[in-house]
Amino acid sequence: MLPLEWLLTIQDQTEIAPGIFELRLSGDLAQEKVQPGQFVDVKIPSDALLLRRPFGIANVDAAHNTITLLYRTVGEGTQILSECSQGTELSVLGPLGGHGYPIDQLKPQQKALIIGGGTGIPPLHELSRQLVAKGVQVQHVFGFANQEAIFYQAEFEKLGPTAYATNDGSYGYKGHVGLLLDAQFAAATTYDAIYACGPKGLLMAVDNRFSAHPNAYISLEERMACGIGACYACVTKLKVDPTIQLKICDDGPVFKTNEVLI
């Protein structure tokens, strides 16, 4: 089944940290059931750029018919996107991702630990929001390069306690997220679910620490050429049988810990 294509309109766009943009789009995609961790593929409004760009969905607001994306400018495509003005229409495929973060197994008053770093953090906002709506107690653990790079601090802290690690120690714990997990969150059994998204080093740390946890999940970041599982550009291997390849965009992007090779 092919994903739905939507024509969404830019409501507003703001640079919320150096090189990090919050993009709010209006359109009927916001009425779709979005599983946290799913993403969209956006066509950059340039004839020179053929491939769409994947972005995690940071917020869905059905009441106002909007979705929010958070992204970093890293190349020509995202630079062009950051210069688009209010009222610009964008072609968007979604929601994409065969498997987002499972949350139906959690009950009110249970606890979830949400771990993220850098541009892996945006989809964790929609995850946290949906968990809180279910009555789940959330704890966030986030890593950034420095204090200046932190974004969505108020938004996450409204949902639950948030601990920070910065590489230079300018805010929160000094060091990477793995060290903060060792120092303050070693007892995984106190959490009913673990969720993570971020760079490879962070995912490896979470995968190693919580490999035996029955409800621990990681979302893999990868360059996705098509976003629908047709091109086999984003693949990972099954741990128990590395000859079996899984498509991150279609079979994931969320996998259980100890399930795939990172």
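Scope of the values below: all heavy atoms of this structure, side chains included, with no hydrogens, waters or symmetry mates.
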Begin from the C-alpha positions of D41 and V92 and carry the test side chain to side chain contact (heavy atoms under 4.5 Å, CB included) through to its verdict. CA-CA 6 Å; D41 254 9; V92 178; over 6 Å; no
Go through the steps for R52 and L93 under the test side chain to side chain contact (heavy atoms under 4.5 Å, CB included), then give the verdict. CA-CA 9 Å; R52 293 172 178 265; L93 295 180; 3.7 Å; yes
Walk me through whether Q86 and Q13 qualify under side chain to side chain donor-acceptor pair (under 3.5 Å). CA-CA 7 Å; Q86 183 182 36; Q13 180 160 223; over 6 Å; no
Start with the C-alpha distance between Y71 and I20, add both sets of side-chain angles, then the distance that settles side chain to side chain contact (heavy atoms under 4.5 Å, CB included), and finish with yes or no. CA-CA 6 Å; Y71 68 94; I20 301 292; over 6 Å; no
Can Y217 and Y101 be said to form a ring-ring contact (aromatic ring centres under 6.0 Å, His included), step by step? CA-CA 7 Å; Y217 305 91; Y101 293 108; 7.4 Å; no
Using the rule given for side chain to side chain donor-acceptor pair (under 3.5 Å), can you reason through T66 versus Q11, listing the C-alpha separation, both sets of side-chain angles and the distance that settles it, and then say yes or no? CA-CA 8 Å; T66 63; Q11 289 292 100; over 6 Å; no
Set out, in order, the CA-CA distance, both residues' side-chain angles and the distance that settles side chain to side chain contact (heavy atoms under 4.5 Å, CB included) for S128 and H140, then state yes or no. CA-CA 9 Å; S128 183; H140 312 109; 2.8 Å; yes
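Atom CG of L159 and atom CG of L131 lie 9.5 Å apart (nearest 0.5 Å). Between atom CG of residue L261 and atom CE of residue M204 there is a gap of 10.0 Å, rounded to the nearest 0.5 Å. Rounding to the nearest 0.5 Å places CZ of R72 at 10.0 Å from OG1 of T78. Between Y173 atom OH and D182 atom CG the span is 7.5 Å, to the nearest 0.5 Å. The OG atom of S219 sits 9.0 Å away from the CZ atom of F39 when rounded to the nearest 0.5 Å. In this structure, the separation between CG on N146 and OH on Y171 is 13.0 Å, given to the nearest 0.5 Å.
Residue L203 is grouped with residue I248 when hydrophobic side chains (ILVMFWY) are merged at heavy-atom distances under 4.5 angstrom, including chains of intermediate members. Residues F55 and V74 do not share a hydrophobic cluster, defined by chaining ILVMFWY side chains whose heavy atoms lie under 4.5 Å apart. Residues I194 and V254 are members of separate hydrophobic clusters, defined by side-chain heavy-atom contacts under 4.5 angstrom among Ile, Leu, Val, Met, Phe, Trp and Tyr. Under a hydrophobic clustering in which Ile, Leu, Val, Met, Phe, Trp and Tyr are joined whenever their side-chain heavy atoms come within less than 4.5 Å, directly or via other members, L180 and I150 fall into different clusters. Under the 4.5 Å side-chain heavy-atom criterion for grouping Ile, Leu, Val, Met, Phe, Trp and Tyr, V240 is connected to L220 within one hydrophobic cluster.
Nearest heavy atoms, W6 versus G94: NE1-O, 2.9 Å. For G117 against P199, the heavy-atom pair with the smallest separation is O-CD, 3.6 Å. Residues P95 and I57 approach most closely at CB-CD1, 4.4 Å, considering heavy atoms. Taking each heavy atom of I218 and V206 in turn, the nearest pair found is CG2-CG1, 3.9 Å. Of all heavy-atom pairs between P36 and I103, the closest is CG-CG2, 4.2 Å. Between E89 and T9, the closest heavy-atom pair is CG-OG1, 3.8 Å.
Atom CD of E148 has 12 or fewer neighbouring heavy atoms from other residues, nucleotides or ligands inside a 6.0 Å radius. Within 6.0 Å of the CD atom in E76, the count of heavy atoms belonging to other residues, nucleotides or ligands does not exceed 12. Residue K174 places its NZ atom among 12 or fewer non-hydrogen atoms of other residues, nucleotides or ligands, all under 6.0 Å distant.
Remark: side-chain polar atoms of T88 are not paired, donor with acceptor, to backbone N or O of C84 under 3.5 angstrom. Listed for the Q38 side chain is a donor-acceptor partner under 3.5 Å among the backbone atoms of Q35. Panel note: side chain K43, backbone S46; a donor-acceptor pair is recorded below 3.5 Å. With K107 contributing its side chain and G135 its backbone, the two residues share no donor-acceptor pair below 3.5 Å. Side chain of R209 to backbone of D207: no donor-acceptor contact under 3.5 angstrom is found. Although no hydrogens or angles enter the test, the distance criterion places a donor-acceptor pair under 3.5 Å between the side chain of K134 and the main chain of L106. Judged purely by atom type and a 3.5 angstrom limit, Q139 has no side-chain atom pairing as donor or acceptor with the backbone of F185. Under the 3.5 Å distance criterion, the side-chain polar atoms of H99 are matched with a main-chain donor or acceptor of D251. In terms of modelled atom types and a separation under 3.5 Å, the side chain of T236 and the main chain of V260 share no donor-acceptor contact. No donor-acceptor distance shorter than 3.5 angstrom exists from the side chain of Q79 to the backbone of E83, with no hydrogens or angles considered.
Taking 4.5 Å as the limit, some side-chain heavy atom of F255 sits within range of a side-chain heavy atom of L246. Within the 4.5 Å cutoff, no side-chain heavy atoms of L90 are placed close to those of L7. The shortest side-chain heavy-atom distance between I10 and L23 falls under the 4.5 Å cut-off. Side-chain contact between L49 and I80 is present, with heavy atoms from C-beta onward closer than 4.5 Å. Between I114 and V141 there is no side-chain heavy-atom pair separated by less than 4.5 Å. Taking 4.5 Å as the limit, every side-chain heavy atom of L70 sits out of range of all side-chain heavy atoms of F21. Contact of the Q130 side chain with the V132 side chain is not registered, since no non-hydrogen atoms from C-beta on lie closer than 4.5 Å.
No donor-acceptor contact under 3.5 angstrom links the side chains of T257 and H213, judged on distance only. In the model, T14 has no side-chain atom that pairs as donor or acceptor with a side-chain atom of E22 under 3.5 Å. A donor-acceptor contact under 3.5 angstrom links the side chains of E5 and S91, judged on distance only. Side-chain atoms of Q137 and Q109 form a donor-acceptor pair, as typed in the model, at a separation below 3.5 Å.
Of the residues listed (Y152, F142, F151), the one engaging H125 in a ring-ring contact (aromatic ring centres under 6.0 Å, His included) is Y152, and it is the only one. A side-chain contact (heavy atoms from CB on, under 4.5 Å) with R53 is found for one member of I44, L69, L81 and no other, namely I44.
Aromatic rings from F210 and Y191 are positioned such that their centres are separated by 6.0 Å or more.
Note on D192 versus K111: no salt bridge recorded, every NZ/NE/NH1/NH2 to OD/OE distance being 4.0 Å or above.
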Using residues 58-65 as the side-chain source, report each donor-acceptor pair under 3.5 Å to any protein atom, sequence neighbours left out, with the distance given to one decimal.
| from | atom 1 | to | atom 2 | distance (Å) |
| --- | --- | --- | --- | --- |
| D61 | OD1 | A63 | N | 3.2 |
| D61 | OD1 | H64 | N | 3.2 |
| D61 | OD1 | H64 | ND1 | 3.3 |
| D61 | OD2 | H64 | ND1 | 2.9 |
| N65 | OD1 | Q31 | NE2 | 2.7 |
| N65 | ND2 | G27 | O | 3.4 |
| N65 | ND2 | D28 | OD1 | 3.3 |

